[in-house]
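Numbered from 1 within each chain, the chains take letters A, B, ... in sequence-line order.
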Protein chains: 2
Amino acid sequence: MSTLQSTDHLIERLREAGYKLTPARLAVLKVINSDDHAHLNPTDVLAQARKIYPKLGRATVYRALELLTELRILRPIYMGETTPRFIRAEGGHHHLVCNECGEVIEFAECMAGDLSQSLQEEFGFEIGSHLLEFYGRCRACK
Amino acid sequence: MSTLQSTDHLIERLREAGYKLTPARLAVLKVINSDDHAHLNPTDVLAQARKIYPKLGRATVYRALELLTELRILRPIYMGETTPRFIRAEGGHHHLVCNECGEVIEFAECMAGDLSQSLQEEFGFEIGSHLLEFYGRCRACK
DNA sequence: CTGATTGCAAAAATTTTGCAAGCCT
DNA sequence: AGGCTTGCAAAATTTTTGCAATCAG
């Protein structure tokens with residue numbers, strides 16, 4: 001579905017913003033980029049990224065996550081627990097979330113594009129991405 | 001804009017679900033209901049609610065927040081930090097979030113209704129509420 | 001080289017839990 | 001009265017910070 005930016009491109013964005021490419025950041029970037037639909041919390045990211053770069057420290061993951069959020073590469077979202085999970089910030093994310101069991105289904109279409117246009121005009125905002133979530137009960141939980 | 005349920009009505013929902021109305025819960029409920037557009041984190045809620053009911057303990061706030069979330073009266077969302085903030089779960093929430101300064105503008109209409117209908121059919125979901133957020137840069141930050 | 005970045009360990013902050021006492025119905 | 005709820009204090013988690021050593025450019 002969505003065309004994701006390659007890890008190379010993301011590295012480029014890091015550089016353009018004046019940050020260094022370190023093994024720690026690269027590992028986090030790879031983990032994040034390895035699965036378009038991943039929703040990983042900081043602890044997950046640490047575990048995954050350590051497979052690539054074992055020396056990685058926990059604090060560094062937080063710092064990398066913060067940096068990547070600042071660069072609009074990631075975005076934290078709520079998925080039922082008290083810890084944030086991070087998703088790719090690009091484009092749109094469309095979730096159907098079950099309040100009962102927590103299942104998350106992704107769906108494709110949404111007409112946020114049109115609305116986006118008029119909001120840009122109305123509020124003078126420059127819009128880059130969006131999140132649309134519906135909450136309810138899934139088939140199984142009914 | 002949205003017609004909010006009165007505190008009385010919410011109390012009723014608590015009761016119907018078989019929970020007791022205690023001063024702690026009432027205080028949290030009042031805080032939550034005092035401002036339609038509040039985005040409070042647990043610590044904020046504790047501080048506010050203690051003005052109403054000073055004996056209130058922190059753990060109780062977490063328990064109340066959890067309960068109210070379960071009853072679909074509240075919903076946690078992430079707004080750029082690592083702690084969740086709680087918003088009224090009713091109906092839809094439509095945010096224009098500035099990545100730069102964090103400002104959140106609410107806008108009124110969105111096309112979620114139509115989509116909601118088709119998603120219910122397609123996935124067998126029973127949809128109760130939704131969240132639509134656009135991310136970008138506000139007028140001032142450009 | 002040189003400042004940005006890291007890992008570590010310690011400090012903070014947040015969230016969860018156990019339990020006796022207290023309160024709602 | 002009886003059981004749900006509470007506040008407290010302690011445990012568990014999660015997040016942030018200070019700093020010397022290291023690394024990318």
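- Mapping B:Pro84 and A:Gly57 onto DNA chain C via the closest heavy atom, the residue that lands nearer the 5' end is A:Gly57.
- Ring planes of A:His95 and A:His39: perpendicular class, angle over 60° (limits at 30 and 60°).
- The base of D:dG25 does not come close enough to the side chain of A:Arg15 for any donor and acceptor atom to sit less than 3.5 Å apart.
- Counting to the nearest Å, the P atom of C:dT15 and the CZ atom of B:Arg85 are 11 Å from each other.
- For B:Arg50 and B:Arg25, each mapped to the nucleotide of DNA chain D holding its nearest heavy atom, the one lying further toward the 5' end belongs to B:Arg25.
- D:dT16 atom P lies 14 Å from atom CG of A:Leu67, rounded to whole Å.
- Between A:Val97 and A:Phe134 the shortest side-chain heavy-atom distance does not fall below 4.5 Å.
- Considering only side-chain atoms of A:Arg63, the nucleotide from C:dT5, C:dT6, C:dT17 that sits closest is C:dT6.
- A close approach under 4.0 Å does occur between a side-chain nitrogen or oxygen of A:Tyr53 and OP1 or OP2 of C:dG7.
- Residues B:Pro23 and B:Tyr53 come closest through the heavy atom pair CB-CE1, 3.8 Å.
- The residue B:Thr82 sits close only to the backbone: its heavy atoms come under 4.0 Å of sugar-phosphate atoms, none of a base.
- In this structure, B:Ala49 and B:Val28 approach most closely via the heavy-atom pair CB-N, 4.3 Å.
- Side chain of A:Thr83, nearest nucleotide from D:dA24, C:dG7, D:dT15: D:dT15.
- To the nearest angstrom, P of C:dA4 lies 7 Å from NZ of A:Lys20.
- Contact check, B:Thr60 against D:dG7: a side-chain N or O comes under 4.0 Å of OP1 or OP2.
- Remark: of the listed residues B:Arg85, B:Arg50, B:Lys51, B:Arg85 is the sole one forming a salt bridge (charged side-chain N to carboxylate O under 4.0 Å, His left out) with B:Asp44.
- Contact between the side-chain N/O atoms of A:Thr22 and the OP1/OP2 oxygens of C:dT6 is found at a separation under 4.0 Å.
- Among the protein residues, B:Pro54 comes within range of no part of the nucleic acid, since none of its heavy atoms lies under 4.0 Å from any strand.
- The nearest whole Å value for the distance from the CG atom in B:Leu14 to the P atom in C:dC24 is 14 Å.
- Distance, B:Asp44 CG to C:dT15 P: 11 Å, rounded to whole Å.
- Straight-line distance from the CZ atom of B:Arg58 to the C1' atom of D:dA10: 15 Å, rounded to whole Å.
- We find that CG of A:Leu56 is positioned 12 Å from C1' of C:dT5, with the value rounded to whole Å.
- Here D:dT14 presents its C1' atom at 15 Å from CD of A:Glu66, a figure rounded to the nearest Å.
- In the set C:dG7, C:dA4, C:dT25, C:dT25 carries the atom at the smallest distance from any side-chain atom of B:Leu21.
- Using a 4.0 Å heavy-atom cutoff across all strands shown, A:Ala59 reaches at least one base atom of the nucleic acid.
- Here A:Tyr62 does not reach the OP1 or OP2 of D:dT16: none of its side-chain N or O atoms lies under 4.0 Å away.
- Nearer the 5' end of DNA chain D, as judged by each residue's closest nucleotide, is the contact made by A:Pro42, out of A:Lys55 and A:Pro42.
- When ring centroids are compared, B:His130 and B:His94 come within the 6.0 Å threshold.
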